[in-house]
2 protein chains.
Amino acid sequence: MPGAIQSLSRAAAILRLLAGGERRLGLSEVAAGLGLAKGTAHGILRTLQQEGFVEQDPESGKYQLGAELLRLGQSYLDVHELRARALVWADDLARAAGETVYLGVLHQRGVLVVHHVFRPDDSRQVLEVGSMQPLHATALGKVLLAYDPVARGELGDGPWEAFTARTVTEPAALDAQCALVRERGWADAVEETWEGVASVAALIRDRRRNPVGAVCASGAVETVCGPDGAVRPSLVASVRTAARAISRDLGAHRF
Amino acid sequence: MPGAIQSLSRAAAILRLLAGGERRLGLSEVAAGLGLAKGTAHGILRTLQQEGFVEQDPESGKYQLGAELLRLGQSYLDVHELRARALVWADDLARAAGETVYLGVLHQRGVLVVHHVFRPDDSRQVLEVGSMQPLHATALGKVLLAYDPVARGELGDGPWEAFTARTVTEPAALDAQCALVRERGWADAVEETWEGVASVAALIRDRRRNPVGAVCASGAVETVCGPDGAVRPSLVASVRTAARAISRDLGAHRF
DNA sequence: GAACACCGGTCGACGATGCCGACCGCGATG
DNA sequence: CATCGCGGTCGGCATCGTCGACCGGTGTTC
């Protein structure tokens with residue numbers, strides 16, 4: 001594979017830099033952050049600004065991400081076949097399970113949430129479409145890891161960040177869990193990401209039976225798990241059924 | 001202003017092209033669509049793919065937008081100051097008015113929705129954050145046009161697309177409406193975009209009193225308008241109060 | 001208040017770099 | 001089985017992006 005276009009890679013790095021830092025960044029900060037000459041960084045920023053990918057605060061002269069990215073991100077969702085097919089099934093699952101439903105795909109070293117159905121009660125909830133979740137500490141992530149050796153390889157050997165006392169941080173434990181996931185056909189994560197929150201996830205395959213994403217039902221431990229502390233079998237069944245339905249919708253007819 | 005970086009502008013054009021066409025596009029289609037040599041288009045696409053801005057269907061070899069755009073779009077929302085300040089006010093407005101609330105900013109030749117609060121009932125609704133609305137046929141758009149001569153200039157002389165029988169399509173009529181908006185301090189759009197839907201919008205200013213966006217309450221004609229066919233004054237008051245509150249939050253202290 | 005440091009932005013020369021069009025292998029198609 | 005069109009590659013040429021010095025304004029410090 002021949003090399004990449006230098007200016008484009010640099011522009012992408014600038015966008016990621018702006019996305020990472022919480023606040024706006026000045027020209028010099030951007031240039032220093034990527035080891036570029038100021039003139040070079042300025043040329044790229046100027047072009048990104050013209051295209052709407054970056055905006056400049058006229059007062060301070062600092063840069064931040066631009067609106068065009070939001071528009072293109074929405075277009076990404078519009079074209080996304082998995083998401084389109086899964087919309088109705090995710091809705092059904094949320095209603096049947098009475099829990100929040102996420103649809104996630106592998107992206108870089110995490111899970112990107114491409115769809116989110118609120119738990120069907122009136123509690124205040126924020127939409128998490130477009131946000132990333134860790135691979136090692138969520139049900140979505142463990143499902144995707146279990147069926148994607150490449151992603152597992154890229155994740156390295158840890159130890160990974162512990163979000164709660166129950167987060168899996170060691171490679172041996174994670175690989176054991178992944179083996180279990182493959183054996184059972186579903187993954188759970190009980191208080192591994194947030195205290196009090198438990199999730200169940202199952203894999204979605206496309207027409208060539210390749211893994212393309214995962215569905216997940218998530219909610220309070222008290223409702224997701226039974227009195228024995230294990231995930232309620234009926235919830236597992238609902239999630240697996242939804243995953244199968246979406247896979248079939250994508251063309252994976254044979255099981 | 002010196003010229004833009006060629007490869008970057010071309011990459012942006014490719015992304016817009018992919019966002020516009022509903023389906024995936026092949027390399028040759030992309031090259032032809034922008035008048036580029038195939039090799040050139042391929043180099044840009046390859047780089048965009050490495051950076052995650054574009055994905056390639058391994059089966060057909062066709063290209064579509066990539067997941068990184070969704071992630072960056074979300075980051076745009078995270079940093080967006082107007083949106084952050086407006087979140088709580090928009091929520092209050094939706095509850096008080098009992099209608100859907102939109103928050104929009106000017107982008108290119110339309111209104112980009114940066115926040116959306118569902119009407120507080122249990123009806124099925126789809127999130128429209130990231131979508132675009134026409135300037136000439138929505139309350140949000142007319143508010144932004146009324147206070148931004150540049151945007152009005154860029155819109156040209158019409159006639160614009162008619163979405164319903166009541167859509168304003170002629171420049172004279174639109175300019176008259178804009179004058180009215182400036183005089184009253186708010187805009188309405190009754191069945192100008194969709195049959196049966198009416199909206200009220202008011203302007204949001206930043207600390208230098210420059211227009212930066214608009215809030216809008218939108219719902220069925222029967223609930224938004226009174227028996228005389230005009231928008232209910234109490235709803236207008238709620239929207240204007242919300243707009244003032246957000247503006248004040250942004251630092252526009254003096255009125 | 002003057003010297004200073006630092007900012008965003010510009011400029012022009014140099015040469016690395018991205019552009020182009022011919023070419024390749026493959027799969028679909030008749 | 002020949003043909004067409006596809007995505008992808010390659011190498012030479014000159015264009016285009018890069019770099020570091022430089023400018024004017026602003027806020028800071030002593």
Side-chain angles (χ1 to χ4, degrees), chain A residues 1-18 21-66 79 81 207-208 210 251, chain B residues 1-18 21-66 79 81 207-208 210 251:
Chain A
M1 172 162 48
I5 292 178
Q6 189 187 44
S7 56
L8 258 182
S9 297
R10 286 172 167 181
I14 288 181
L15 289 178
R16 274 194 293 270
L17 186 68
L18 289 174
E22 284 307 304
R23 62 186 212 296
R24 293 186 260 254
L25 295 177
L27 169 62
S28 303
E29 291 175 286
V30 171
L34 298 175
L36 298 176
K38 268 197 305 182
T40 305
H42 179 60
I44 296 173
L45 280 168
R46 187 204 309 134
T47 309
L48 287 173
Q49 185 183 8
Q50 283 175 18
E51 304 292 345
F53 290 88
V54 149
E55 289 169 6
Q56 187 176 23
D57 180 17
E59 201 159 358
S60 63
K62 309 226 172 201
Y63 295 92
Q64 63 176 33
L65 295 182
V79 192
E81 189 182 354
R207 68 184 69 82
R208 293 191 312 286
N210 290 126
Chain B
M1 171 163 45
I5 291 178
Q6 189 187 44
S7 55
L8 260 183
S9 297
R10 287 172 167 178
I14 288 181
L15 290 178
R16 274 193 293 270
L17 186 68
L18 289 174
E22 286 306 305
R23 62 183 214 296
R24 294 186 260 253
L25 295 177
L27 170 61
S28 304
E29 291 175 288
V30 171
L34 298 176
L36 298 176
K38 267 197 306 181
T40 306
H42 178 61
I44 296 172
L45 280 168
R46 188 203 310 134
T47 309
L48 286 174
Q49 186 184 6
Q50 282 175 18
E51 303 292 345
F53 289 88
V54 150
E55 290 168 5
Q56 186 174 23
D57 180 16
E59 200 157 359
S60 63
K62 308 225 173 202
Y63 294 92
Q64 64 176 54
L65 295 182
V79 191
E81 189 183 352
R207 67 183 68 84
R208 293 190 312 286
N210 290 125

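Each chain gets a letter, A, B and so on, in the order the sequences are listed, and its residues count up from 1. For clarity, every value in this text was computed on a predicted model and none was experimentally measured.
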5' priority, DNA chain C, between A:L8 and A:Y63 [closest heavy atom]: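 The residue whose closest nucleotide sits nearer the 5' end is A:Y63.
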
Would you classify A:E29 as touching base, sugar-phosphate or nothing, given that sugar-phosphate means primed atoms plus P, OP1 and OP2, and contacts are heavy atoms under 4.0 Å?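 It contacts nothing in the nucleic acid.
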
Per the end-axis method with five pairs at each terminus, what is the bend angle of the helix from C:dG1-D:dC30 to C:dG30-D:dC1, to 10°?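 Inter-axis angle at the ends, rounded: 40°.
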
It should be established whether [X] places a side-chain nitrogen or oxygen under 4.0 Å from OP1 or OP2 of nucleotide [N].
{"X": "B:Q56", "N": "D:dG7", "result": "no"}
{"X": "B:R10", "N": "D:dC16", "result": "no"}
{"X": "B:H42", "N": "D:dG8", "result": "yes"}

Rounded to whole angstrom units, what separation is found between the [atom1] atom of [X] and the [atom2] atom of [N]?
{"X": "B:L27", "N": "C:dC19", "atom1": "CG", "atom2": "P", "value": "14 Å"}
{"X": "A:R46", "N": "C:dG8", "atom1": "CZ", "atom2": "C1'", "value": "12 Å"}
{"X": "A:I14", "N": "C:dG8", "atom1": "CD1", "atom2": "P", "value": "13 Å"}
{"X": "A:I44", "N": "C:dG18", "atom1": "CD1", "atom2": "P", "value": "10 Å"}
{"X": "A:L34", "N": "D:dG17", "atom1": "CG", "atom2": "P", "value": "18 Å"}
{"X": "A:L48", "N": "C:dG8", "atom1": "CG", "atom2": "C1'", "value": "16 Å"}
{"X": "A:D57", "N": "C:dG9", "atom1": "CG", "atom2": "P", "value": "11 Å"}
{"X": "B:L45", "N": "D:dC6", "atom1": "CG", "atom2": "C1'", "value": "14 Å"}

A:N210: what forms a side chain to side chain donor-acceptor pair (under 3.5 Å) with it, not counting sequence neighbours?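 In terms of side chain to side chain donor-acceptor pair (under 3.5 Å), with neighbours along the sequence ignored, A:N210 is linked to no residue.
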
Once side chain to side chain donor-acceptor pair (under 3.5 Å) is applied, do any residues pair with A:R10, and if so which ones, sequence neighbours excluded?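 Result, side chain to side chain donor-acceptor pair (under 3.5 Å) vs A:R10: none returned.
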
Would you compute the distance between atom NZ of A:K62 and atom CD of A:Q56 and round it to the nearest 0.5 angstrom?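 One finds 11.0 Å between NZ of A:K62 and CD of A:Q56.
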
Minimum side-chain heavy-atom gap B:Y63-B:L48 below 4.5 Å: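 No, every pair of side-chain atoms sits at 4.5 Å or beyond.
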
Would you indicate whether the side-chain heavy atoms of A:V54 and A:L18 approach each other to under 4.5 Å?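 In short, these two side chains touch, coming nearer than 4.5 Å.
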
So, B:T47 side chain and A:L8 main chain: donor-acceptor pair closer than 3.5 Å or not?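 Looks like no, no N/O pair under 3.5 Å.
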
Specify the closest pair of heavy atoms between B:I44 and B:S7, including all atoms of both residues, with the distance to one decimal.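 Here B:I44 and B:S7 meet closest at CD1-O, 4.3 Å.
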
If you compare all heavy atoms of A:F53 against all heavy atoms of B:L15, which two are closest, and at what distance to 0.1 Å?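 Heavy atoms of A:F53 and B:L15 come nearest at CZ-CD1, 3.9 Å.
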
Please list each protein N or O that sits under 3.5 Å from an N or O in nucleotides 21-30 of chain C, with the distance.
none

Could you list the protein-to-nucleotides 13-17 of chain C atom pairs, N/O on both sides, closer than 3.5 Å?
from   : atom 1 : to   : atom 2 : distance (Å)
C:dT17 : OP1    : A:Q6 : NE2    : 3.4

Please tabulate, for the side chains in residues 24-36 of chain B, all donor-acceptor contacts under 3.5 angstrom to protein atoms that are two or more places apart in sequence or on a different chain.
from  : atom 1 : to    : atom 2 : distance (Å)
B:R24 : NH1    : B:Q64 : OE1    : 2.5
B:E29 : OE1    : B:G26 : N      : 2.7
B:E29 : OE2    : B:R23 : NH2    : 2.5

